[in-house]
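Report on the structure given below.
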Amino acid sequence: MTFPTVSPCACRKREIWKTKTHSEELLPCLLTLGKKGHTTNACALPAARWSHHDFIVQDQRDDNEGTMIWSSPVQQSSIMRLATLPQMHLAFTVDLEGTVKVWNCQDEDALATLTMPWTCFSLEICLTNDGPFLMVGNAEGNIYTLTVPELRGVSKVNAFKYSVDLLHCSPDKKWIFASGTHQNILPVVFLTESLLKPSEGKSPLSLSIPFSSCCRACWAPRRTSRITVMYRRGSCKKTGFTTFELMAKRTGDQTDMQARQIATFLLPLHMESPIWMGVGDGNTVVFESGPSLFLFTISGHLLQRFEDHQRTIGNLWVDPVHVLTTSTDDSLHLYMWDEEGRYPHLKSCCHLEHVGNDPAPSCYVSKAICDNMSIVCVMSRIRESSILVMYSLHM
């Protein structure tokens, strides 16, 4: 399997490792995890994944293959969610039975285990000045805040009558966005401090955002009180985006929270509803629709449209530097943000595609993520094990 460079650009790619796995569900994460005495550097970040019942960390420092440096014991129940805290070399899993575990990716046993009363649908790590905390959203609509790594309870709040499907901590750790995908749920934003330091007899400070049917949400990386929500509503399931600016003003012992809507727009009915989204500087939103990638302002002005894939874009990765798309046409495309001009825009950087004569290929790029040094992607095979591949980026 070869992915050569197709489009010339400033990025050059070199496949530095690949490994097989029999897992059907993979989540590679760029982590700075390692054993005692085992040092990783910027060019050799381990990748983490989980199969149905175990959690594995692999090291790609070998030029040709990934070497497994740690694996959890086989778990009795399937692992459903994974979160990581690279700064402390920790990983967090929750299984189908609602059991939360903390792993140091060195020892066989978990550092801590906590069984929740209901199935968990979301995990979020919040690293604050007071230390790290884990937040868990479950099927009853409860949000639990737990210490790390002990998993001791700090607070519990009932946010909804339905499951908490989305939990997102703002870049400055001041806000926690929570929502479910049920059409009757209004998203809620909590003041993080009120979840970490609950007052006896008082509900945590929160604010409902008046847009139901939320399906995605992203904080602006540099405007840390700005969040863009993607929603669907109506019999035609119209997709729209709305952006809010959050404010918290303290007067004496009282704190007043406000959410000011600063922009909103609906997509045309003829446009296929996107599944993924991301934001740029807070004034732009990027999303896929079929085989195309779109960049809009938060007010609905089309800035760019890219058609670098022949088939539907199946996964989208957005960070402050890159945008990465993968498609069912067995290709991957990398873009980079350019801050020049009134609005940031995307520059097409490089394209990878599968070279082969098979008109119906048996594998596809199902997921990909990247950092400043590398791209990790999952090649999912239809009848065989999947392959985890990593490419180095040379700018």
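- Following chains of ILVMFWY side-chain contacts shorter than 4.5 Å, one cannot reach L267 starting from I313, and the two form parts of different hydrophobic clusters.
- Here the closest non-hydrogen pair linking T119 and L96 is OG1-O, 3.9 Å.
- Y144 is listed as a side-chain neighbour of P117, based on a closest heavy-atom distance under 4.5 Å.
- Among the candidates N283, T243, T284, the single residue satisfying the side chain to side chain donor-acceptor pair (under 3.5 Å) test with T228 is T243.
- No side-chain donor-acceptor contact under 3.5 Å links S122 to the backbone of D165.
- E150 and T147 share a side-chain donor-acceptor pair at under 3.5 Å.
- Partner T328 forms a side-chain contact (heavy atoms from CB on, under 4.5 Å) with one of R311, H309, Q310 and no other, that one being R311.
- Using a 4.5 Å cut-off on side-chain heavy atoms (C-beta onward), I209 and V189 make contact.
- K156 contributes atom NZ, which lies 4.5 Å from atom CG of N142 (distance to the nearest 0.5 angstrom).
- Ring centers of Y335 and H333: under 6.0 Å apart, within the cut-off.
- Every residue two or more places apart in sequence or in another chain was checked for a side chain to side chain donor-acceptor pair (under 3.5 Å) with K161, and none qualifies.
- Using modelled atom types, one side-chain atom of W276 and one backbone atom of G314 make a donor-acceptor pair closer than 3.5 Å.
- S212 places no side-chain N or O within 3.5 Å of a backbone atom of L186 that could act as its donor or acceptor partner.
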Give the C-alpha distance, both sets of side-chain angles, the deciding distance and a yes or no for side-chain contact (heavy atoms from CB on, under 4.5 Å) between H89 and T84.
CA-CA 8 Å; H89 295 191; T84 60; over 6 Å; no
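- In this structure a side-chain-to-backbone donor-acceptor pair under 3.5 Å is missing from D308 to S348.
- A distance of 9.5 Å separates SG in C120 from CZ in R81, rounded to the nearest 0.5 Å.
- In this structure S206 satisfies the side chain to side chain donor-acceptor pair (under 3.5 Å) test with no other residue, sequence neighbours excluded.
- Hydrophobic clustering (ILVMFWY, side-chain heavy atoms < 4.5 Å, transitive): I125 and V102 are in one cluster.
- The hydrophobic cluster containing L266 does not contain F241, counting ILVMFWY residues as joined when their side-chain heavy atoms lie under 4.5 angstrom apart, directly or transitively.
- Heavy-atom minimum distance, T224 versus S170: O-CB, 3.6 Å.
- Judged by a 6.0 Å distance limit and a 45° cone about the ring axis, R226 is not positioned over the six-membered ring of W219.
- Counting heavy atoms from C-beta on, the side chains of C169 and W175 never come closer than 4.5 Å.
- At least one donor-acceptor pair under 3.5 Å links the side chain of E288 to the backbone N or O of I275.
- Side-chain contact between F211 and Q261 is present, with heavy atoms from C-beta onward closer than 4.5 Å.
- Residues V318 and V279 do not share a hydrophobic cluster, clusters being chains of Ile/Leu/Val/Met/Phe/Trp/Tyr side chains in contact below 4.5 Å.
- In this view, K101 and Q75 satisfy the side chain to side chain donor-acceptor pair (under 3.5 Å) rule, not counting sequence neighbours.
- In E340, the CD atom is not crowded: 12 or fewer heavy atoms of neighbouring residues, nucleotides or ligands sit closer than 6.0 Å.
- Formation of a donor-acceptor pair under 3.5 Å by the S327 side chain with backbone atoms of T312 is found in this model.
- No side-chain heavy atom of E124 sits less than 4.5 Å from a side-chain heavy atom of L166.
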Given side-chain contact (heavy atoms from CB on, under 4.5 Å), test S72 with E108 step by step and report yes or no.
CA-CA 6 Å; S72 74; E108 180 176 336; over 6 Å; no
| said: For S203 and V157: C-alpha separation, side-chain torsions, deciding distance, then whether side-chain contact (heavy atoms from CB on, under 4.5 Å) applies. | reply: CA-CA 8 Å; S203 299; V157 58; over 6 Å; no
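- With respect to the salt-bridge test (charged N to carboxylate O, under 4.0 angstrom), the residues K197 and D130 qualify.
- Proximity of a side-chain donor or acceptor of T145 to a complementary backbone N or O of V154 within less than 3.5 Å is not detected.
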Report all side-chain donor-acceptor pairs from residues 293-306 shorter than 3.5 Å, counting only partners two or more places apart or in another chain.
unit_1 : atom_1 : unit_2 : atom_2 : d
T297   : OG1    : S299   : N      : 3.3
T297   : OG1    : G300   : N      : 3.3
T297   : OG1    : H301   : N      : 3.0
Q304   : OE1    : L346   : N      : 2.7
Q304   : NE2    : L346   : O      : 2.9
R305   : NE     : E307   : OE2    : 3.0
R305   : NH2    : S292   : OG     : 3.4
R305   : NH2    : E307   : OE2    : 3.1

For this session: Test W317 against D319 for side chain to side chain donor-acceptor pair (under 3.5 Å), laying out the working first.
Result: CA-CA 7 Å; W317 167 268; D319 65 27; 3.2 Å; yes
For this session: With side chain to side chain donor-acceptor pair (under 3.5 Å) as the test, would you mind laying out the steps for D256 and Q258 before giving the verdict?
Result: CA-CA 7 Å; D256 180 39; Q258 296 180 3; 3.1 Å; yes
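- Considering every non-hydrogen atom in both I185 and S163, the closest pair reads CD1-O, 4.1 Å.
- In this structure, L111 and W103 have side chains that are not in contact, with every pair of non-hydrogen atoms separated by 4.5 Å or more.
- When all heavy atoms of F160 and S179 are compared, the pair lying nearest together is CZ-CA, 3.6 Å.
- With a 4.5 Å cut-off on side-chain heavy atoms, L324 and L332 count as touching.
- Atoms CG and CG, from L151 and L134 in turn, are 6.5 Å apart once rounded to the nearest 0.5 Å.
- T192 and C126 get closest at one heavy-atom pair: CG2-SG, 4.0 Å.
- I176 is not listed as a side-chain neighbour of H168, based on a closest heavy-atom distance of 4.5 Å or more.
- Atoms CZ and CE, from F92 and M135 in turn, are 12.0 Å apart once rounded to the nearest 0.5 Å.
- Listed by chain and residue number, nothing satisfies the ring pair (Phe, Tyr, Trp, His ring centres under 6.0 Å) test with F190 (two or more places apart in sequence, or in another chain).
- Side chain of R260 to main chain of L246: no donor-acceptor pair is present (N/O by atom type, distance under 3.5 Å, no hydrogens or angles).
- A donor-acceptor pair under 3.5 Å is absent between the side-chain atoms of D107 and the main chain of D109, judged by distance alone.
- The CD1 atom of I375 sits 10.5 Å away from the CD1 atom of I369 when rounded to the nearest 0.5 Å.
- Looking at every heavy atom in both residues, L205 comes nearest to S194 through N-OG, 3.1 Å.
- Considering only residues two or more places apart in sequence or on other chains, F133 meets the ring pair (Phe, Tyr, Trp, His ring centres under 6.0 Å) condition with none of them.
- Cluster annotation: V188 is connected to Y162 through the hydrophobic network of ILVMFWY side chains, with a link wherever side-chain heavy atoms come within less than 4.5 Å.
- Here S155 contributes atom OG and I143 contributes atom CD1; the two are 9.0 Å apart, rounded to the nearest 0.5 Å.
- Using a distance-only test at 3.5 Å, with no hydrogens or angles considered, no donor-acceptor pair links the side chain of T93 to the main chain of L82.
- Salt bridge status for E339 with R222: present, with a side-chain N to carboxylate O gap under 4.0 Å.
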